[in-house]
Number of protein chains: 2
Amino acid sequence: MNKRALGQNGSPLHESVRAEISRRIADGIYKPGDVIMSTAQLGEEFGVSSITVKRALRDLQSEGVLTSIPGKGTFVKDRRRFIREVDVCMSSQDDARRHGFDTKIELISITKERITDPALSVFELPNKVLLCVRKVIYADGVPIMYDSAYVPTNIADEIVDEFGERYIVDALRRHNVDIKDMSIIIDASPASVEAQRIFSIPNGYPTLRRLYDLKTKDPATFVIGIVESPFDRLACSVRLNSLQLSKMVKTKK
Amino acid sequence: MNKRALGQNGSPLHESVRAEISRRIADGIYKPGDVIMSTAQLGEEFGVSSITVKRALRDLQSEGVLTSIPGKGTFVKDRRRFIREVDVCMSSQDDARRHGFDTKIELISITKERITDPALSVFELPNKVLLCVRKVIYADGVPIMYDSAYVPTNIADEIVDEFGERYIVDALRRHNVDIKDMSIIIDASPASVEAQRIFSIPNGYPTLRRLYDLKTKDPATFVIGIVESPFDRLACSVRLNSLQLSKMVKTKK
DNA sequence: GAGTGGTCTAGACCACCCT
DNA sequence: GGGTGGTCTAGACCACTCC
């Protein structure tokens with residue numbers, strides 16, 4: 001058999017196949033939006049089984065480089081990514097607009113439940129039933145964030161009514177509820193099952209998460225939540241100028 | 001054949017297997033550090049082929065839940081994660097110590113090269129050969145960051161000599177070179193090949209990255225770089241108090 | 001109906017670890 | 001030698017799309 005068209009070295013065949021396909025994408029032989037050859041064709045070309053090719057393609061999907069649509073083919077993704085200032089992450093929608101893209105909010109559900117997501121246990125969690133608001137945020141028509149926010153159940157109805165169309169912080173601010181203190185944790189994570197469904201991404205796909213704990217003057221009013229985004233759709237930026245920098249050096253003393 | 005011990009619903013078998021094993025870990029039936037049953041045993045118990053079990057276990061590895069050691073078995077990882085203030089990310093080592101863990105720096109290489117990593121192209125990149133300092137940072141003996149920093153080649157030798165033992169910002173500050181402006185981009189990404197090797201993580205494993213662009217008074221002196229960390233080893237935190245918050249609202253007007 | 005990707009299996013081989 | 005996980009294949013079946 002004519003195996004070893006790839007994989008002369010000690011590495012597994014599927015890695016060689018993956019590397020070769022990555023190379024073709026990097027070199028522009030396969031362009032964003034293109035269908036690449038079928039697994040059968042690729043297998044024949046490389047002298048490997050189509051199953052090995054499928055394995056390589058699946059790994060490339062987890063890397064965010066390809067998408068496969070059953071019955072149609074495997075496509076090269078185009079990668080454009082939004083960047084948001086950290087403090088804007090859960091802040092004003094107007095800011096986002098000002099940054100040049102059009103956002104839309106889709107309300108998924110408003111339920112009463114306890115916080116069970118272990119990721120949020122980095123914060124001090126109230127052990128009682130809360131109002132959970134789940135929504136998806138779109139930018140230019142593409143879903144970029146999946147937000148689950150928990151607020152006390154005694155929030156005024158007229159505020160809750162606004163959750164579907166506004167960021168929670170915006171809704172609170174409009175009713176003169178101001179945030180006194182916020183702590184945000186940014187991390188990466190393999191996609192949750194909900195995120196897999198919402199963003200059409202495979203298991204293990206890296207996501208960027210922001211966990212937030214917002215406090216107000218009134219300790220009975222708070223917002224705790226988590227936002228999840230596919231890694232190729234969103235990044236966060238932090239910018240510090242010399243004024244802020246010098247202040248930090250001071251406060252550290 | 002007795003298939004369908006799992007997978008009554010429409011989901012693939014390997015997903016059901018994965019869900020069941022996740023459940024056992026969540027329920028504490030498989031504890032961190034434990035070896036779980038062999039693929040053959042699991043396959044028999046679930047009435048599926050060992051290959052399907054292997055597929056499920058591989059997905060769980062990409063999620064950071066399991067590690068397999070060939071010839072020994074598959075182990076449940078313990079997950080402890082460090083959290084660092086964003087501004088500390090590439091700042092003082094003393095700060096890290098003060099935050100309660102012991103850091104160590106291992107210098108990998110100092111080379112002369114151009115920046116080729118496409119991730120860094122979010123910044124304005126100088127198109128010339130730079131000094132590239134690669135290092136691994138350990139916390140409590142565990143590697144948590146892989147840092148590649150680029151500085152101009154004309155940096156004084158006595159500063160370069162310190163790169164192996166200090167954070168670059170620290171080394172610069174010791175020689176009275178102060179940072180005027182810094183912009184940081186935080187994102188997630190599948191592990192680079194170097195990160196896979198350094199952290200012993202599989203292809204596709206989610207990592208948290210920080211891309212940084214530090215400017216000084218002198219435009220000829222700058223630091224551009226990228227830090228990569230396995231998602232289960234590091235998270236970043238941002239904390240804003242009411243003073244800073246109110247200032248932001250002001251400056252936004 | 002022909003082509004696509006996704007799943008599942010049986011069976012084989014390998015490298016590795018332990019005893 | 002007997003266990004482990006990792007790889008690779010052939011072959012089968014499915015659901016899907018497009019013609």
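Computation of the quantities below employed the complete heavy-atom set of this structure, encompassing side-chain atoms and omitting hydrogens, waters and symmetry-equivalent molecules. Letters A, B, ... are given to chains in the order of the sequence lines, protein chains preceding strands, and every chain is numbered from 1.
Ranking dT7(D), dG5(C), dT9(D) by closeness to the V48(A) side chain, first place goes to dT9(D).
Regarding R58(A), its CZ atom lies at a distance of 17 Å from the C1' atom of dT4(C), rounded to whole Å. For the pair Q41(B) CD and dG2(D) P, the interatomic distance rounds to 17 Å; values are reported in whole Å. As a whole-Å value, the separation of L42(A) CG from dG3(C) P is 16 Å. If you take CG of N203(A) and P of dT7(C), they are 11 Å apart, rounded to a whole angstrom. E44(B) has its CD atom 12 Å from the P atom of dA10(C), to the nearest Å. In this structure, I51(A) places its CD1 atom 10 Å from C1' of dT9(C), rounding to the nearest Å. Rounded to an integer number of Å, the gap from CG of L13(A) to C1' of dC14(C) is 13 Å. The distance between atom CZ of R55(B) and atom P of dA10(C), rounded to the nearest whole Å, is 17 Å.
The residue among P70(A) and S49(A) whose nearest nucleotide of DNA chain D is located toward the 5' end is S49(A).
For the pair K72(A) and dC18(D), the criterion of a side-chain N or O lying under 4.0 Å from OP1 or OP2 is met. Applying the 4.0 Å criterion to OP1 and OP2 of dG3(C), one finds that S38(A) has every side-chain N and O outside that range. At dG5(C), one or more side-chain N or O atoms of T74(A) fall inside 4.0 Å of OP1 or OP2 (strictly under the cut-off).
At distances below 3.5 Å, at least one donor-acceptor pair connects side-chain atoms of K135(B) with backbone N or O atoms of R166(B). A donor-acceptor pair under 3.5 Å is formed between the side chain of R233(A) and the backbone N or O of P143(A).
When every heavy atom of G204(B) is checked against every heavy atom of P206(A), the shortest pair comes out as O-CG, 3.9 Å. Summarising the geometry of E228(A) relative to T207(A), their closest heavy-atom pair is OE2-OG1, 3.3 Å, with the distance given to 0.1 Å.
Donor-acceptor pairing under 3.5 Å, judged by distance alone, is absent between the side chain of K54(A) and the base of dG5(C).
Within the 4.0 angstrom heavy-atom criterion, only backbone atoms of the sugar-phosphate kind lie near Q61(A); the bases stay farther away.
No side-chain donor from either of Y167(A) and D147(A) sits under 3.5 Å from a side-chain acceptor of the other.
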